[in-house]
K.L.:
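Quick one: structure below, then a few questions.
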Amino acid sequence: MNNSRILKKYYDKLLKNFGPQRWWPGDGPFEVMVGAVLTQNTNWGNVERAIDNLKQAGKLSATAIHNMRTDQLAQLIRPSGYFNIKAKRLKGLIKWFVNRFDGDIEKMFSRDLQGLREELLSVKGIGPETADSILLYAGNLPSFVVDAYTYRILVRHNLMFEESTYDDIKSFFEDNLPEDAAMYNEYHALLVQVGKTYCKPREPSCKACPLHEFL
DNA sequence: TGCCAGGCCGGGT
DNA sequence: ACCCGGCATGGC
């Protein structure tokens, strides 16, 4: 069975087992963009508290964050961890967003995918996963998101080498699946769910993982 | 309790 | 070009 078939069958099975994950469905692209930074190496529950704080303070907007002092922003996002560095990163992202696109989401996502990705990566504190999360989950653009779980699952099943880069793994999915943002969205979220359930760090393998059936 | 969470940067080899 | 420490809160 070739990689394309493996990935499609695996997707179908995960969707059946876990159901749609509905990541970042309804609170709007700007909030998603903020969440993408806050969730760096951090569990989502903590991120929700930080976002709630921003909402309660009436600061969940580009202009509000743009005009806020970094240390005040840091206090609001404190529950998300790494709050000092994340406050700087968030300010940097919003500054770019305001200066480059007038704080206009529509304008931002009317730019072509690859060009926008390059620009996002040039913002300090925005790495490949955060950039792809923004493109996919805020912009609904077909840019596959790779994370630690994705890497671990593929490596443990010998679908990728340990020394594979982020872009190697991203391409593995994008080259073997139809270019479909809705599917990328679900697929990544499902892989995280599998990772949490079957493929944890510091365990030598994940034999109960449903991917075994296809290999 | 120690380990982990939807990473990324910067400094040292 | 890699490798690694630092960043920090909350949940199990």
Side-chain angles (χ1 to χ4, degrees), chain A residues 11 14 18-27 29 31-54 56 70-96 117-141 143-156 161-170 173 181-204 206:
Chain A
Y11 176 73
L14 293 182
F18 292 106
Q21 300 297 299
R22 304 183 174 277
W23 268 21
W24 280 322
D27 290 321
E31 179 172 328
V32 173
M33 191 156 65
V34 172
V37 173
L38 296 184
T39 198
Q40 288 173 356
N41 202 39
T42 299
N43 107 45
W44 184 250
N46 286 14
V47 175
E48 286 186 318
R49 297 161 197 237
I51 289 180
D52 279 346
N53 287 349
L54 289 171
Q56 301 298 328
T70 304
D71 61 299
Q72 291 177 329
L73 178 59
Q75 287 313 306
L76 288 174
I77 65 171
R78 194 182 178 94
S80 73
Y82 305 133
F83 50 85
N84 286 313
I85 188 76
K86 282 177 181 174
K88 285 183 197 164
R89 290 176 181 178
L90 202 46
K91 289 280 282 185
L93 176 63
I94 298 307
K95 182 175 184 176
W96 166 81
R117 187 171 192 269
E118 289 305 311
E119 285 198 49
L120 280 166
L121 290 174
S122 75
V123 176
K124 186 160 301 186
I126 307 301
E129 185 181 341
T130 308
D132 288 330
S133 294
I134 291 170
L135 292 166
L136 180 59
Y137 288 100
N140 200 31
L141 298 174
S143 197
F144 204 93
V145 177
V146 175
D147 69 344
Y149 288 123
T150 315
Y151 173 84
R152 211 154 52 220
I153 290 167
L154 294 187
V155 168
R156 284 187 184 173
F161 296 115
E162 231 178 321
E163 52 273 9
S164 302
T165 65
Y166 182 97
D167 286 326
D168 290 338
I169 299 187
K170 179 182 175 61
F173 285 94
M183 184 200 205
Y184 290 1
N185 179 324
E186 275 302 332
Y187 211 144
H188 170 69
L190 286 164
L191 286 169
V192 171
Q193 191 57 46
V194 175
K196 287 178 177 171
T197 313
Y198 298 106
C199 205
K200 300 174 181 174
R202 298 186 68 71
E203 288 176 11
C206 38

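In what follows, chains carry the letters A, B, and so on, assigned in the order in which the sequence lines appear, proteins first and then strands, with residues in each chain numbered from 1. Worth saying up front: this structure is predicted, and the values here are computed from it rather than measured.
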K.L.:
Taking the nucleotide of DNA chain C with the closest heavy atom to each, which residue, Asn41(A) or Arg49(A), is nearer the 5' end?
P.N.:
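Closest to the 5' end, via its nearest nucleotide, is Asn41(A).
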K.L.:
Round to the nearest Å and state the distance from Ile134(A) atom CD1 to dG7(B) atom C1'.
P.N.:
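Going from Ile134(A) (CD1) to dG7(B) (C1'), I get 13 Å.
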K.L.:
On a whole-Å scale, what distance lies between the P atoms belonging to dA8(C) and dG10(B)?
P.N.:
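Pairwise P distance, dA8(C) against dG10(B), rounds to 14 Å.
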K.L.:
Can you tell me which nucleotide in dC7(C), dC9(B), dC8(B) comes closest to the side chain of Tyr82(A)?
P.N.:
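Closest of the options to the side chain of Tyr82(A): dC7(C).
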K.L.:
Glu186(A) and Arg22(A): which non-hydrogen atoms are nearest, and at how many Å?
P.N.:
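Where Glu186(A) meets Arg22(A) most closely, the heavy atoms are OE2-N, 3.5 Å.
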K.L.:
Rounded to the nearest angstrom, tell me the gap between atom CG in Asn53(A) and atom C1' in dT9(C).
P.N.:
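Going from CG in Asn53(A) over to C1' in dT9(C) covers 12 Å.
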K.L.:
Between dT9(C), dA5(B), dG7(B), which one does the side chain of Pro79(A) approach most closely?
P.N.:
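Nucleotide nearest to Pro79(A)'s side chain: dT9(C).
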K.L.:
Give the nucleotide from the list dG7(B), dA8(C), dA5(B) with an atom nearest to the side chain of Ala148(A).
P.N.:
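Looking only at side-chain atoms, Ala148(A) lies closest to dG7(B).
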K.L.:
From the options dC8(B), dA8(C), dT9(C), select the nucleotide whose nearest atom is closest to the side chain of Arg89(A).
P.N.:
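Within the option list, the nearest is dC8(B).
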K.L.:
Between atom NE2 in His188(A) and atom C1' in dG7(B), what is the gap in whole Å?
P.N.:
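Checked: the NE2 to C1' distance equals 12 Å.
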K.L.:
How are the rings of Tyr187(A) and Tyr11(A) set relative to one another: parallel (under 30°), tilted (30 to 60°) or perpendicular (over 60°)?
P.N.:
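Aromatic pair Tyr187(A)/Tyr11(A) classed tilted.
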K.L.:
Verify, without hydrogens or angle tests, whether Asp168(A) (side chain) and Thr165(A) (backbone) share a donor-acceptor contact under 3.5 angstrom.
P.N.:
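Yes, Asp168(A) side chain to Thr165(A) backbone: donor-acceptor pair under 3.5 Å.
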K.L.:
Taking 4.0 Å as the cut-off, does a side-chain nitrogen or oxygen of Arg152(A) come that near to OP1 or OP2 on dC4(B)?
P.N.:
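For Arg152(A), the contact criterion (side-chain N or O under 4.0 Å from OP1 or OP2 of dC4(B)) is not met.
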K.L.:
Just do the side-chain contact (heavy atoms from CB on, under 4.5 Å) check on Ile134(A) and Leu93(A) with the steps written out, would you?
P.N.:
CA-CA 11 Å; Ile134(A) 291 170; Leu93(A) 176 63; 4.1 Å; yes
K.L.:
Would you mind reading off the distance between Ile51(A) atom CD1 and dT9(C) atom C1', rounded to a whole angstrom?
P.N.:
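Atom-to-atom, Ile51(A) to dT9(C), this comes out as 15 Å.
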K.L.:
Provide, to the nearest angstrom, the distance between the CG atom belonging to Leu120(A) and the P atom belonging to dC9(B).
P.N.:
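Rounding to the nearest Å, CG of Leu120(A) and P of dC9(B) are 12 Å apart.
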K.L.:
Determine the interatomic distance between C1' on dC7(C) and the same-named atom on dT1(B); round to the nearest Å.
P.N.:
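Here dC7(C) and dT1(B) have their C1' atoms 22 Å from each other.
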K.L.:
Within the structure shown, what part of the strands sits under 4.0 Å from Lys86(A) by heavy-atom distance: base, sugar-phosphate, or nothing?
P.N.:
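Since no nucleic acid heavy atom lies under 4.0 Å of Lys86(A), the category is nothing.
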K.L.:
Between dC8(B), dG10(B), dA8(C), which one does the side chain of Phe83(A) approach most closely?
P.N.:
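Of the options given, the side chain of Phe83(A) lies nearest dA8(C).
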K.L.:
Atom CG of Asp147(A) and atom P of dG7(B): how far apart are they, to the nearest Å?
P.N.:
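So the two atoms are 6 Å apart, to the nearest Å.
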K.L.:
dC2(C) pairs with which nucleotide, Watson-Crick or G-U wobble, both distances below 3.5 Å?
P.N.:
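WC or wobble partner is dG12(B).
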K.L.:
Ignoring backbone atoms, establish whether Lys88(A) has a side-chain N or O less than 4.0 Å from OP1 or OP2 of dC9(B).
P.N.:
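No, no such contact exists.
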K.L.:
Please report the distance, rounded to the nearest Å, between CG in Leu90(A) and C1' in dA8(C).
P.N.:
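Nearest whole value for this atom pair: 16 Å.
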K.L.:
What is the distance, rounded to the nearest whole Å, between atom CD of Gln40(A) and atom C1' of dG6(C)?
P.N.:
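Taking atom C1' of dG6(C) as the reference, CD of Gln40(A) is at 14 Å.
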K.L.:
Considering just the side-chain nitrogens and oxygens of Tyr166(A), establish if one lies under 4.0 Å of OP1 or OP2 belonging to dC8(B).
P.N.:
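No, because none of the side-chain N or O atoms of Tyr166(A) sits under 4.0 Å from OP1 or OP2 of dC8(B).
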K.L.:
Say whether, by atom type as modelled, one donor and one acceptor occur between the side chain of Tyr151(A) and the main chain of Glu162(A) under 3.5 angstrom.
P.N.:
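At least one qualifying donor-acceptor pair exists.
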K.L.:
Considering only dT9(C), dC8(B), dG10(C), which nucleotide approaches the side chain of Arg78(A) most closely?
P.N.:
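Nearest listed nucleotide: dT9(C).
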K.L.:
Can you tell me if Asn46(A) touches the phosphate of dA5(B), counting only side-chain N or O atoms and a distance under 4.0 Å to OP1 or OP2?
P.N.:
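No, outside the criterion.
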K.L.:
Is the phosphate of dG7(B), meaning OP1 or OP2, less than 4.0 Å from a side-chain N or O of Thr39(A)?
P.N.:
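Checking Thr39(A) against dG7(B): no side-chain N or O falls below 4.0 Å of OP1 or OP2.
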K.L.:
Which base sits across from dC7(C) as a Watson-Crick or G-U pair, both distances under 3.5 Å?
P.N.:
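When the pairing criteria are applied, dG7(B) turns out to be the nucleotide that pairs with dC7(C).
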K.L.:
Starting at the 5' end of DNA chain B, which residue's closest nucleotide do you reach first, Ile126(A) or Ala36(A)?
P.N.:
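Residue closer to the 5' terminus by nearest nucleotide: Ala36(A).
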K.L.:
Distance-only, no hydrogens or angles: does the Asn53(A) side chain make a donor-acceptor pair with backbone N or O of Leu76(A) under 3.5 Å?
P.N.:
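Yes, Asn53(A) side chain to Leu76(A) backbone: donor-acceptor pair under 3.5 Å.
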